[in-house]
**Student:** 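First the structure, then my questions, so here it is.
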Amino acid sequence: MIYLDNAATTPVSQQVLDAMIPWYRECYGNPSSHYSIGYEAKAAIDKARQQVADALHCLPVEVYFTGCGTESDNWAIKGTALRMAQQGKKHLITSAIEHHAVLHSMKALEKQGFEVTYLPVDEKGFVRPADLEAAIRPDTGLVSIMAANNEIGTIEPVAELGRIARAHKVLFHTDAVQAVGHIPVDVEAWNVDLLSLSAHKFRGPKGVGALYVKKPLRLPALIQGGGQEKGRRSGTENVPGAVGMAAALREAVDGLSRESPRLAALRDRLIDGLTGLPYTRLTGDPVNRLPGTASFVFEGVEGEALLLHLDARGICASSGSACSSASLDPSHVLLAIGLPHAIAHGSLRLSLGAENTEADVDYILKEVPQVVAYLRELSPVWDRDAQKPTWEL
Ligand code: PLP
């Protein structure tokens, strides 16, 4: 099997697993308990928080553990909205290409009377800073723009967007779920007040994430209970999860200067090889993109069929985002960058990770062109004589 869906999730690294196991079997105490294995668990959480803070360039008190990236996004947005309601503010700004964790949180707020501006993006997927500047109103309370897009890999100009929000005294949240562990992240340099991350995207375990909340900001709690996480996110701490996330983040950050150019070279081989096929284009920006993400559209090909045929050849990949792949609608991201519906249906995302090699790329460059050619031969929208789509766009 060749796994090329690391933007959906990653295998836990051996080192991370080894770091987690003792916290399940030996030191399984509750961090709130008053005996030695409880104190040890509490110390492990504190250490993990410090390690996450070091990776983000913030203070440990600014890191709150959560259950996943989705929870972090929901908390950042809905928690800020609760604060905004007390201040008489009702406007939020986001982009059209956010993950559904952000977009659906915004939609839920709209139902409660908040107003949301969805900034458009250009054909590479970039939010234009001038659009953000123009959208800010006196009653704007939050800007939420992702650091890097999960489908097309475009890296947004977060520092500049954060600078604009800060100049207008508006809180700035970034969904950095695809960025953390993959590109350098610095909450100070990025001018962010809130940042979401998720362990399973960088070889940590599933079911643990974190939200950075810049001091002295305090977000209202969405989950009440025993008062864990400084009373802001109750629930017995996921000690092995937090330890695993911190270990994975350290491993990723320590290896970034080596791994990032290696992945980018593999990615660029995929891009060069596959964009050589007729009626095939890269989606997203060729330069400012995540090192491991190569994304394409093939005209005259149905993305779902492509995935099934690749699966039969042992290749795990994705078309659009994993979360929306159950739906037959084309991806909102591909529509937002201006692709017509017909073309957006033929998307493929190949996302590389630590375990991928040159041989994997060789295999993809052999198999994908064969499958694309085969599907086009069967396609009602492919002109077999002219070897082009039946449409003129
Ligand atoms: N935000 C982005 C950009 C993502 O890619 C994902 C997962 O695909 C999420 C949020 C949700 O993270 P989680 O799976 O940890 O809930």
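Counting starts at 1 for both ligands and their atoms, following the listed order.
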**Student:** Between C68 and ligand 1, which part of the residue brings a heavy atom under 4.0 Å of the ligand: side chain, backbone, both or neither?
**Tutor:** both

**Student:** Give the atom numbers and elements of ligand 1 that come within less than 4.0 Å of a heavy atom of M146.
**Tutor:** 3 (C)

**Student:** For ligand 1, which atoms, with element, lie under 4.0 Å from some heavy atom of D73?
**Tutor:** 1 (N), 10 (C)

**Student:** When you check the gap from the basic side-chain N to the acidic O, do R376 and E302 get nearer than 4.0 Å?
**Tutor:** no

**Student:** Tell me the closest heavy-atom pair linking L290 and N149, and the distance in Å.
**Tutor:** CD1-O, 4.0 Å

**Student:** Quick one: ring pair (Phe, Tyr, Trp, His ring centres under 6.0 Å) pairs with a partner in residues 55-85, sequence neighbours left out?
**Tutor:** Y64-W75

**Student:** Select one of side chain, backbone, both or neither to describe which atoms of T9 lie under 4.0 Å from any atom of ligand 1, heavy atoms only.
**Tutor:** neither

**Student:** Taking only Lys NZ, Arg NE, NH1 and NH2, and the carboxylate oxygens of Asp or Glu, determine whether K47 and E40 approach each other closer than 4.0 Å.
**Tutor:** no

**Student:** Salt-bridge test for R166 and D193: reply yes if a basic N is under 4.0 Å from a carboxylate O, no otherwise.
**Tutor:** yes

**Student:** I'd like the name of whichever of K201, E98, K206 reaches closest to atom 8 (O) of ligand 1 through any heavy atom.
**Tutor:** K201

**Student:** Who's closest to atom 12 (O) of ligand 1 heavy-atom-wise, of G67, A147, G69?
**Tutor:** G69

**Student:** Which ligand 1 atoms does T70 reach within 4.0 Å, using its non-hydrogen atoms?
**Tutor:** 11 (C), 12 (O), 13 (P), 16 (O)

